[in-house]
Amino acid sequence: MTLATSSACGEFSPPPRLLLGPGPSLVHPRVLQAMGRPLLGHLDPEFLQLMNEIQAMLRHVFRTENRFTIALSGTGSAGMEALLVNLVEPGETVLVGVNGVFGARMAAVVERCGGRPITIEAPWGRIVEPDAIRLALARSGPVKAVALVHAETSTGARQPLEAIGALCREAGALFIVDAVTSLAGLPLEVDAWGIDACYSGTQKCLSCPPGLSPLTLNDHALTAIRRRKTACRSWYLDLSLVADYWEEGKRAYHHTAPISMLYALREALRLVEEEGLESRFARHRLQSEALGAGLEALGLSPFAQEGYRLPSLACVTLPARIDDAAVRASLLRRFQIEIGGGLGPLRGQVWRIGLMGESARRCHVLTLLSALEELGLDQGWLAQPGAALTAAAGVYARPGEPGAMPQKSARMSSEREKACS
Ligand SMILES: *Cc1c(COP(=O)(O)O)cnc(C)c1O
């Protein structure tokens with residue numbers, strides 16, 4: 001037997017994709033540049049300073065005063081697993097809202113932690129009604145925690161959370177929230193809504209590559225961890241060990257932080273701060289309304305319950321005349337555009353179009369709509385071009401929108417800036 005002596009691989013040069021799927025989202029060039037900077041040792045004082053800065057900026061985006069606010073190594077799912085494996089002990093009951101893939105994933109993780117998940121189910125695309133949660137809390141005996149997904153990326157539904165924290169507090173249950181597709185894309189108020197533990201991911205509305213999971217725990221949650229009767233079943237995700245690494249003054253080695261990823265996150269958070277949370281939310285809202293109007297004009301209607309649709313992810317139902325696979329393949333091949341298909345039971349039934357972070361920009365919305373119009377004409381599912389772009393333009397032209405048609409004096413340069421606003 002001979003072993004290959006060298007590989008034939010050349011340099012990898014990824015094609016310039018327009019990422020409009022359910023994640024990862026587009027990444028700002030400043031973030032990519034930050035990742036290319038030379039490494040520091042992970043206990044270097046300069047690096048420890050960078051960790052402090054990230055913690056401060058994460059508290060700002062989570063809207064929390066929680067000291068324990070960190071960027072866990074691993075993607076969003078690692079954050080989910082970390083919170084559940086630390087907060088749930090074998091035999092404990094957790095109420096889990098399940099109205100899509102990610103709620104179901106939470107229930108599965110609770111089970112693997114030895115916990116007893118009781119699911120509160122709602123049809124996909126609908127929210128889990130606060131009353132159903134109240135009822136389940138009343139009926140379930142002692143409940144360790146209630147776990148909900150804020151932004152259900154598989155259906156495009158936004159779960160209302162404002163009233164749940166108080167219900168949990170009354171019942172003596174912790175309130176755990178998945179904010180993977182909401183953090184920095186739509187309002188999330190960890191402290192004001194009484195959320196005890198919350199996790200997110202870097203690759204969605206933070207517009208950073210996948211690899212870190214920002215998470216935050218308040219004193220109730222930390223106390224629950226301190227009072228565990230059994231050791232956390234995960235060593236890598238044991239937050240009491242991870243805490244010793246992130247806590248200022250301690251910084252004891254646990255595992256080597258992914259240095260370059262933290263550089264990237266710091267830069268992504270700086271971009272969020274420069275824009276301001278309110279403006280960022282408004283941008284996501286405007287772009288999603290324009291996209292929604294354009295898609296509706298093509299016959300693609302929103303899947304999620306009215307009044308509870310995510311600005312960061314449009315999930316739309318496909319009319320029978322549209323061939324899911326053919327259109328998505330052509331979008332990628334001819335236009336370099338990635339959008340997402342349906343998950344699980346929604347496979348072939350819906351598209352999931354992400355407008356997260358850097359992807360939520362007017363130029364990208366218009367590029368996608370015009371590509372869809374061209375494909376529609378080509379593939380025979382659209383008779384007349386122009387309707388989608390016209391509908392989107394109507395949203396941008398609403399008085400008061402940043403994209404509204406300028407007064408006559410507006411200069412070209414500012415117009416160009418607006419085109420990708
Ligand atoms: C993407 C996503 C996750 C998982 O994040 P990964 O980065 O893929 O591990 C969890 N929850 C929700 C709601 C998500 O959208």
Side-chain angles (χ1 to χ4, degrees), residues 19-27 62 71-85 94 96-110 112 117 119 122 124-128 146-161 176-188 190 195 197-216 234 236-237 258 261-262 264-265 268 284 288 303-304 308-315 338-344 346 350-357 359-360:
L19 298 176
L20 299 177
S25 55
L26 291 174
V27 174
F62 272 120
L72 186 80
S73 307
T75 65
S77 305
M80 177 190 294
E81 187 140 356
L83 289 194
L84 294 170
V85 78
V94 180
V96 187
V98 178
N99 54 353
V101 166
F102 294 101
R105 184 177 293 181
M106 276 183 143
V109 175
V110 168
R112 287 186 184 221
T119 59
W124 284 38
R126 302 202 61 87
I127 61 164
V128 180
V146 173
L148 294 175
V149 177
H150 188 202
E152 186 39 92
T153 319
S154 61
T155 67
R158 175 184 59 79
Q159 176 66 34
L161 302 175
I176 302 176
V177 169
D178 174 318
V180 176
T181 299
S182 58
L183 187 72
L186 53 140
L188 166 74
V190 166
I195 298 170
C198 186
Y199 62 90
S200 188
T202 44
Q203 53 144 324
K204 313 251 168 132
C205 300
L206 283 169
S207 263
C208 199
L212 291 171
S213 173
L215 53 81
T216 186
S234 167
Y236 193 76
L237 299 176
M261 281 307 309
L262 287 154
L265 178 58
H284 281 79
S288 81
F303 177 76
Y308 299 96
R309 291 175 191 148
L310 289 174
S312 47
L313 184 108
C315 182
E338 176 181 287
I339 63 170
L343 284 180
L346 295 181
V350 300
W351 284 338
R352 294 178 307 138
I353 302 171
L355 293 181
M356 304 177 189
S359 299

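Order of listing sets the numbers, starting from 1, for every ligand and every atom in it.
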Hey, does [Y] have a side-chain heavy atom less than 4.5 Å from the side chain of [X]?
X	Y	answer
Leu346	Phe303	yes
Thr155	Asn99	no
Ser25	Gln203	no

Indicate, as side chain, backbone, both or neither, the part of Ala151 found under 4.0 angstrom from ligand 1 when only non-hydrogen atoms are considered. backbone
At under 4.0 Å between heavy atoms, which part of Glu152 makes contact with ligand 1: side chain, backbone, both or neither? neither
Derivation and outcome, side chain to side chain contact (heavy atoms under 4.5 Å, CB included), residues Leu188 and Cys198: CA-CA 10 Å; Leu188 166 74; Cys198 186; 4.2 Å; yes
CD-CG distance between Gln159 and Leu310, expressed to the nearest 0.5 angstrom: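 The distance works out to 10.5 Å.
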Tell me, which protein residue and heavy-atom name are nearest atom 11 (N) of ligand 1, and how many Å apart are they?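 Checked against all protein heavy atoms, atom 11 (N) of ligand 1 sits closest to Asp178 OD2, 2.7 Å.
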Shortest reach to atom 7 (O) of ligand 1 by a heavy atom, considering only Glu81, Gln203, Arg352: Gln203
Report, in ascending order of atom number, the atoms of ligand 1 lying under 4.0 Å from any heavy atom of [X].
X	answer
Val149	13 (C)
Ser77	4 (C), 5 (O), 6 (P), 9 (O)
Lys204	1 (C), 2 (C), 3 (C), 14 (C), 15 (O)
Thr153	12 (C), 13 (C), 14 (C), 15 (O)

Give yes if a backbone or side-chain nitrogen or oxygen of [X] is under 3.5 Å from a nitrogen or oxygen of ligand 1, and no if not.
X	result
Phe102	no
Thr181	yes
Arg105	no

Can the positive tip of Lys204 be found less than 6.0 Å from the middle of the six-membered ring of Phe102, inside 45° of the ring normal? yes
Got a sec, which residues hit side-chain contact (heavy atoms from CB on, under 4.5 Å) with Ser154, two or more places apart in sequence or on another chain?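 Ser154 satisfies side-chain contact (heavy atoms from CB on, under 4.5 Å) with Val101, Trp124, Glu152, Leu343 once adjacent residues are dropped.
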I need the single residue from Val149, Thr153, Leu186 that forms a side chain to side chain contact (heavy atoms under 4.5 Å, CB included) with Thr181. Which is it? Thr153
